[in-house]
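Read the structure below first, then the notes.
For clarity, every value in this text was computed on a predicted model and none was experimentally measured.
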Amino acid sequence: MDVSYDVDDGLPVWRCRAGAALPGGTLAVDRLGVGTRCETWLAWSVEQWCPVVVKVVRPHQVQQPRAIRSLSREVTALSDAAHPALSRLLHDGTDDDLPYLLLEYVDGPALDEALDDTGPMAVEDAALLCAQLLAGIADLHRRGMAHLDLKPANVMLRDGHPVVVDFGSARRIGASQPNGRPIGTPGYAAPEQEMCEPISTTMDCYAVGVILYEAVTGDTPGQSSELVAVPPVLRRAVHGLLAPDPERRMTIPVAMRALAETVPADRRPWPRWADRHLRLQATAVRLEAAPIDASAFAERIQETHTG
């Protein structure tokens, strides 16, 4: 593998012609993206005879422990994952001389690309998408991990269904964040996440709230679009997920039930009788008893995202 230099950061990247060998017995098709420590390639698996994604450490990061830790976090997050809304880990190559991961290729656009191409989603489509997204994130939380970088660019659409990718920022629930270096992407990171508080499940809930807001309006919170045309039950879900106080933020079971109520009966993502198996928490009572004032909510969101 030869080396060239990235046009954005000027640092080394791998240069591979189509058909050149990549780690894991794969052949290069095209580079998909470049991150700080790793780059991702669409590749062809000779053994499995199908497209795969190869995530490999960049040339100047091969000996850097942080790059290896980033890949290892993905291994931890995905090793036991079986939910269809989470991408699959096919092989762990972190112990190789050139550390890499072999990941499932999700054939479809990223959510941000879809929104750019077609504009905001219909309310019921956005509700279904985020209900499925929350179910996958709940599976991750049950295994003790939080994603921490949920955003439309990290949600692929396979036949219209969401699949979460890029677990390089994932951390154990309860772990500490680096002082002064919050994890995640500004605008999607929860207020407590940006304040470098310990990792919690509520941080992912907030990010899903931003994604839901963006899916139905085309904007991120604090911008021009409003939720005036959105049905009240979905509006409550958006407000609940985006509550600045994590203690008042809507939990995943409560949000999933609210989203399911947004869609017609013939499109409901699960039977109504299954609702009783969602573990509703006391947060639901607090949210219903003290709904968030819409104007105050907008002001708090604006403050959060503009400093």
[X] vs [Y] side-chain heavy atoms within contact, under 4.5 Å:
X	Y	answer
His141	Asp204	yes
Glu104	Arg158	yes
Leu22	Leu27	no
Arg171	Gln177	no
Trp14	Val56	yes
Pro109	Asp117	no
Pro244	Tyr206	no
Val163	Pro84	no

Salt-bridge criterion met for [X] and [Y] (N-O under 4.0 Å):
X	Y	result
Asp245	Arg249	no
Asp166	Lys55	yes
Asp9	Arg58	yes
Arg268	Glu261	yes

Can you tell me if Thr26 uses its side chain to pair, donor with acceptor, with the backbone of Pro23 under 3.5 Å?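 Present.
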
Does the side-chain contact (heavy atoms from CB on, under 4.5 Å) test come out yes or no for Val3 and Arg15, once each step is laid out? CA-CA 5 Å; Val3 173; Arg15 182 176 64 189; over 6 Å; no

Please report the interatomic distance [atom1]([X]) to [atom2]([Y]), rounded to the nearest 0.5 Å.
X	Y	atom1	atom2	result
Arg37	Leu11	CZ	CG	12.0 Å
Arg248	Leu242	CZ	CG	14.0 Å
Leu157	Asp107	CG	CG	11.5 Å
His83	Leu78	NE2	CG	13.5 Å
Arg181	Cys196	CZ	SG	9.0 Å
Arg73	Leu148	CZ	CG	9.5 Å

With no hydrogens and no angle check, just 3.5 Å: does a side-chain donor-acceptor pair link [X] and [Y]?
X	Y	result
Thr262	Glu124	no
Lys151	Thr185	yes
Glu214	Tyr188	yes
Thr94	Asp92	yes

Can you confirm whether more than 12 heavy atoms, excluding those of Gln64, are under 6.0 Å from its CD atom? yes

Sole residue of Val254, Leu133, Leu234 in side chain to side chain contact (heavy atoms under 4.5 Å, CB included) with Leu259: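 Output: one option passes, namely Leu234.
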
Derivation and outcome, ring-ring contact (aromatic ring centres under 6.0 Å, His included), residues Trp44 and Trp49: CA-CA 7 Å; Trp44 188 261; Trp49 209 248; 5.5 Å; yes

Compare every heavy atom of Pro269 with every heavy atom of Val263, then report the nearest pair and how far apart it is.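 For Val263 and Pro269, the tightest heavy-atom pair comes out as CG2-CD, 4.0 Å.
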
Considering all heavy atoms of both residues, which atom of Ala146 and which atom of Ile199 are nearest to each other, and what is their separation?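 Where Ala146 meets Ile199 most closely, the heavy atoms are CB-CG2, 3.8 Å.
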
